[in-house]
Amino acid sequence: MEVALEQAKRRPAAGKTLLNVERQQHPEIKMSQLEVVEMEDKKKQQQQREEAEAEASVVPSSLRAAATRSLSSLSSSLRWDHRGDGEEEAELTWAAIERLPTLDRMRTSVLSSEAVDVRRLGAAERRVLVERLVADIQRDNLRLLRKQRRRMERVGVRQPTVEVRWRNVRVEADCQVVSGKPLPTLLNTVLSTARGLSRRHARIPILNDVTGILKPSRLTLLLGPPGCRKTTLLLALAGKLDKNLKVTGEVEYNGTNLNTFVPEKTSAYISQYDLHVPEMTVRETLDFSARFQGVGTRAEIMKEVIRREKEAGITPDPDIDTYMKAISVEGLERSMQTDYIMKIMGLDICADIIVGDIMRRGISGGEKKRLTTGEMIVGPSRALFMDEISTGLDSSTTFQIVSCLQQVAHISESTILVSLLQPAPETYDFFNDIILMAEGKIAYHGSKSCIMNFFESCGFKCPERKRAADFLQEVLSKKDQQQYWSHTEETYNFVTVDHFCEKFKASQVEGHNNALSLNIYSLTKWDLLKACFAREILLMRRNAFIYITKTVQLGLLAVITRTVFLRTHMGVDRAHADYYMGSLFYALLLLLVNGFPELAMAVTRLPVFYKQRDYYFYPAWAYAIPAFILKIIVSLVESITWTSISYYLIGYTPEASRFFRQLLILFLVYTGSLSLFRCVASYCQTMMAGSVGGTMSFLVILLFGGFIIPRPSMPNWLKWGFWISPLSYAEIGLTVNEFLAPRWLKFHSLKHYSDTIWTSAPGTSRAIISRDKFATFDRRSKDMSKDMDNRMPKLQVGNALAPNKTGTMVLPFTPLTISFQDVNYYVDTPVLQLLHNITGAFQPGVLSALMGVTGAGKTTLLDVLAGRKTGGVIEGDIRVGGYPKIQQTFARISGYCEQTDVHSPQITVEEPVAYSAWLRLPIEVDSKTRREFVNEVIQTIELDDIRDALVGLPGSKGNVSLFAVELVSNPSVIFMDEPTSGLDARAAAIVMHAVKNVADTGRTVVCTIHQPSIEIFEAFDELLLMKRGGELIYAGPLGFHSCNVIHYFETIPGVPKIKDNYNPSTWMLEVTCASMEAQLGVEFAQIYRESTMCKDKDALVKSLSKPALGTSDLHFPNTTQRFGEQLKACIWKQCLSYWRSPSYNLVRIVFITISCIVFGALFWQQGDINHINDQQGLFTILGCLYGTTLFTGINNCQSVMPFVSIERSIVYRERFAGMYSPWAYSLAQGMHGLQLNDPSLKPGSVVVFLYLGMMIVALTPNIQVASILASMFYTLQNLMSGFIVPAPQIPRWWIWLYYTSPLSWTLNVFFTTQFGDEHEKEISVFGETKSVAAFIKDYFGFHRDLLPLAAIILAMFPTLFAILFGLSISKLNFQRR
């Protein structure tokens, strides 16, 4: 290629102008349109030059420099349309490129006057190019899209378009009819299963014969009240409906039915839920998404464009050419499209930050929502179905995103349907068409310009200063419709949705079938595999701590094991052969147990896998193969670690060949163990079911292995299980490898060791229970959504946010003022400062709004003031009532409503409110008054109609109930972080109505808020406005109709005036954004610091920082209620949580049932003392006791860990609020765990393992690390239990581990109570005759006279673990805030 470039540079280039070439080569193109476009661009460029020169003469030097840079950039962008003699080198370069073969020409472009391969652009080059193309998002993005379209139109190439039609689409769900509350209790689940067998179902309609059309180049808004099935419609159009739903009707893309192509690759559905791999950064997430989605038709279009340009002699803009070629190359690890999407979505500032989750600090909620959108639009889809993409975003960010979507729709001719909850008027104006839904029907589908006339013809008119989107949703509600009735001379009658539907008419337009994707996956199988390998390697690097911990753990266990089975203490004789066999068994047992952490890691990644699999990013095999192969490396490293440390120190046969054979067998067993637990995770899908499923698999494998019960002792009808187990052959291999060595051949009696092995059998039937639970949850969701319309506020439009003067709070409180001065907050080190000298005050009876663009530090300031930060450095003075804030006291008189909904998953709306009142109201409040207060709070927030509905899992829309939980504590100060996030406009009005009522009672209320309507914004009394970087730019009153805020910013030179009826909150964010600051050359934070408002605020803060006369500082005990009441409340809540967790209860019941059957079948009559004649018979029944103790303990530990892990985030919130003592919670958790255990199954060991699981979760940051520590505990327990290595054979330096092992004391109790008094029964042991009791004492070291001590110690272990659990809950916090 270099030779071709050099040869071409020696030839003169053609000098035809762009427009002349188009006229000559493509006369069919409408040249008048092209001329108009070019003239408009030239006029705009000239105007920009003149404006820049005019401003440069009057503005400061900094702005003049910015204008100079702008002119320089402008002239650079024009040089390719107006070429001069100085660019001959670039002309030669282009000529050389045109002489290249087509494939090379597709990959080669000009960047900075040099030929570059677009596949090998570095990160800095991509970033610079995108910055040059899209310096200002709103203006330059439109220009970029226009340039791309103009380039294609000049050569007669058009992008393919998609037209979506649907006719008479009806979606129905089969639901089981239940009596009473549809709560997923254990009893209801069993009854529901029984009814399911009797086929008693009811079919519930979701969508009712909807018909419509989506046109290319049109941006359509989907509106509707809650429960109107917007999401169902979006899923139906995207071809992603659940297979269990019954769907009738037709959905067509360009006249083609969904069954004849792949709709998942033609369109993209953007979910309202954020599911991402928390360990990956924003850039990595988008890069992998772009890689998997491919480039679609971009490559074919680009190939045709450059072919026609070569024929016409057209030289394109080099930047545009580089960009278009870069996004047309398939399979790149780093895509130019990623940089472009990050830029227009505002994610470039957090590109290299991990996504994070509830336990890991990552990007903000708004950034995560934008990442969810960007993850899908980074692909080549021509139709986008976007579900509530503005949740958690401020109005200016939403405006920017929708603006870009409009440009994509209009210029790129995409088909876009967007569902929004609270669209601001300026955002609403971007849309061309409206689809209005209610009751599963389409009430209107047509042009936005006609919708108001449509409703006016029906007798309804939108009032002034009322957002059109809010009006459209409320006009369909039976309780809100009358206030918009405009025909006052006529009697109002409710107009049904069916009446509106009759007026619906659809139009038609043509599309292009080449826009449809016929391929399921965008990449070849090899490229899919490479991409999945790259991601798996990345995730392994990010989780390196876990793998290092596992390897260190294995090495530590190897050191302990080799010093227990030390070669200097073990001879090569018949007596020590049992210990060699025990060491081999223990090695296999350890590697098998070490696979448990893999289950936790696999389960946590399943939701993201299912999402991406359903989007056809990759098939399941492409996900599974890299995980399997890369885990082979992990298995090999850990197997080498174990074998290298243990082999020669234990004293196995010192031959290299036998060393490597043992290594190979252990490696294969460990690899199989990891694969087994991944298989269990994929089938069970939840941690609770998966933990028990893994334990069940572990149980079956070991029981049939031949060590606990030899094959000859198994019932004949179960011996087949021995031979189908892979571990059986592993044990045979290890035994033969060791005991067929020359040094053992003289002991002929060792041949029987070849029969001592294991089996595995699948035991994962409990997933059926999980599906029943999900079905119940689906029915409950439908019932809740149907009832949403009945709980709307009974308000008139004029007084929607007027305070409720008739309602008064039952309980008294103390009004308090919060003042803060020069508050700074640093993350990790003082280098990164998130808050800069924030000074302000929040006063009683004043409703304060805390606003700013995403990333301004609103939630950070709220967390600092509320005392919820767990890390970083806080500086400044924070006072409550004039006294320094003491967090323990402040928690008692304050409430904090978090942005993320943190609730126990199985609790109804009313129950956490009652629970909060029980624990947080003063002791003097009797139960009757407490109940009345709870009822009043529920009615105030209008939750009465859904008080018996489940709140749902964390992340569901439970903001309102969380407000009730905090309000019922009767606080003096309430912090609310985005209380209207995730709510539609009408539901937001309910919340803010209640918040306004609360503030009017004299409480101090502070809210951060996004996208408020005019009515909601002007309901606030004061405003703190922050800019990105954590600086204040306004702190003062709003004034009537926001007059104070408007006047303040309009007096700043250059700030544009607000338009009539424009939302002041939106205007305020627009005129104070970073781009406006750069355009005006001002610093809003500096202007505020120099203003009289800031000086007045400082004076006010100083006065409020002094205690008022006659007041004293607040003092409270650590908790409100006595310990007994706390314990009762915690037990009550835990009972509800456990009882409503069928996946937790049923899988345990199934496990115990199957375990009992398996043990009973395998050990049938083995415990009869008359049947025991030698040591093997005794070992068999002792193995039964050992197995039941071990497996029931592991089952309880594994099953309780995910439950406690889920509850931990709730405990953190409740602990911050000072609701209860950690000891009360710890005791309640343990007491309820005892109730769920079968008393016949060795309660001592069960309690130990139960509290062990709770303690490990509390001591570790996540469930993965907890699983690693638990597996280490299991293996140590096995080694020091006294069964594999009897106590007399344990070296003295490790005997303390034997005495500190709960399992050893448990086995001492079981062995001696069963056989410790059998002095008369004699058996043959190792060639001599002994009584059973004597053999138990001499061989195992178990003494019957130690029973009282064993009982005491077994009671001490759970007590110790419970104390450590309580200490961990009270002292440790792994949340990163």
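Here the structure is a predicted model, which is why all the values come from computation and not from measurement.
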Backbone N or O of [Y] within a donor-acceptor pair of the [X] side chain at under 3.5 Å?
X: Arg535; Y: Phe288; result: no
X: Arg283; Y: Ala351; result: no
X: Arg382; Y: Pro160; result: yes
X: Asp339; Y: Ala123; result: no
X: Lys240; Y: Pro263; result: no
X: Ser522; Y: Gln293; result: yes

One pair to check against side-chain contact (heavy atoms from CB on, under 4.5 Å): Met302 and Asp321. What are the steps and the verdict? CA-CA 9 Å; Met302 195 63 212; Asp321 183 71; 3.8 Å; yes
Compute whether any side-chain donor of one residue and acceptor of the other, for [X] and [Y], lie under 3.5 angstrom apart.
X: Thr260; Y: Asn257; answer: no
X: Ser412; Y: Ser414; answer: no
X: Tyr253; Y: Ser267; answer: yes
X: Glu300; Y: Thr297; answer: no

Atom [atom1] in [X], atom [atom2] in [Y]: separation rounded to 0.5 Å?
X: Arg370; Y: Ile389; atom1: CZ; atom2: CD1; answer: 11.5 Å
X: Leu384; Y: Leu234; atom1: CG; atom2: CG; answer: 11.5 Å
X: Glu375; Y: Thr285; atom1: CD; atom2: OG1; answer: 6.5 Å

Please tell me whether Tyr323 and Tyr340 form a close aromatic pair, meaning their ring centres lie under 6.0 Å apart. yes
Hey, is NZ on Lys448 packed in by over 12 heavy atoms from elsewhere, all under 6.0 Å? yes
Which of Asp527, Leu523, Leu332 passes side chain to side chain contact (heavy atoms under 4.5 Å, CB included) with Arg291? It is Leu523
Let's go through Val402 and Tyr428 carefully: what are the C-alpha distance in whole Å and the side-chain angles of both, what is the deciding distance for side-chain contact (heavy atoms from CB on, under 4.5 Å) to 0.1 Å, and is it a yes or a no? CA-CA 9 Å; Val402 176; Tyr428 174 84; over 6 Å; no
With side chains defined as the heavy atoms from C-beta onward, is the minimum distance between Ile520 and Lys265 less than 4.5 Å?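 Of all side-chain heavy-atom pairs linking Lys265 with Ile520, none is under 4.5 Å.
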What I want to find out is whether Arg151 reaches Glu309 closely enough, with some N-O distance under 4.0 Å, to be called a salt bridge.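 Judged by the 4.0 Å cut-off on N to carboxylate O distance, Arg151 and Glu309 do form a salt bridge.
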From CA spacing to verdict: side-chain contact (heavy atoms from CB on, under 4.5 Å), Arg298, Met324: CA-CA 8 Å; Arg298 293 179 197 151; Met324 293 182 67; over 6 Å; no
Given side-chain contact (heavy atoms from CB on, under 4.5 Å), test Met106 with Val329 step by step and report yes or no. CA-CA 8 Å; Met106 280 276 295; Val329 180; over 6 Å; no
Closest heavy-atom pair and its distance - Tyr615, Ser271: OH-N, 4.0 Å
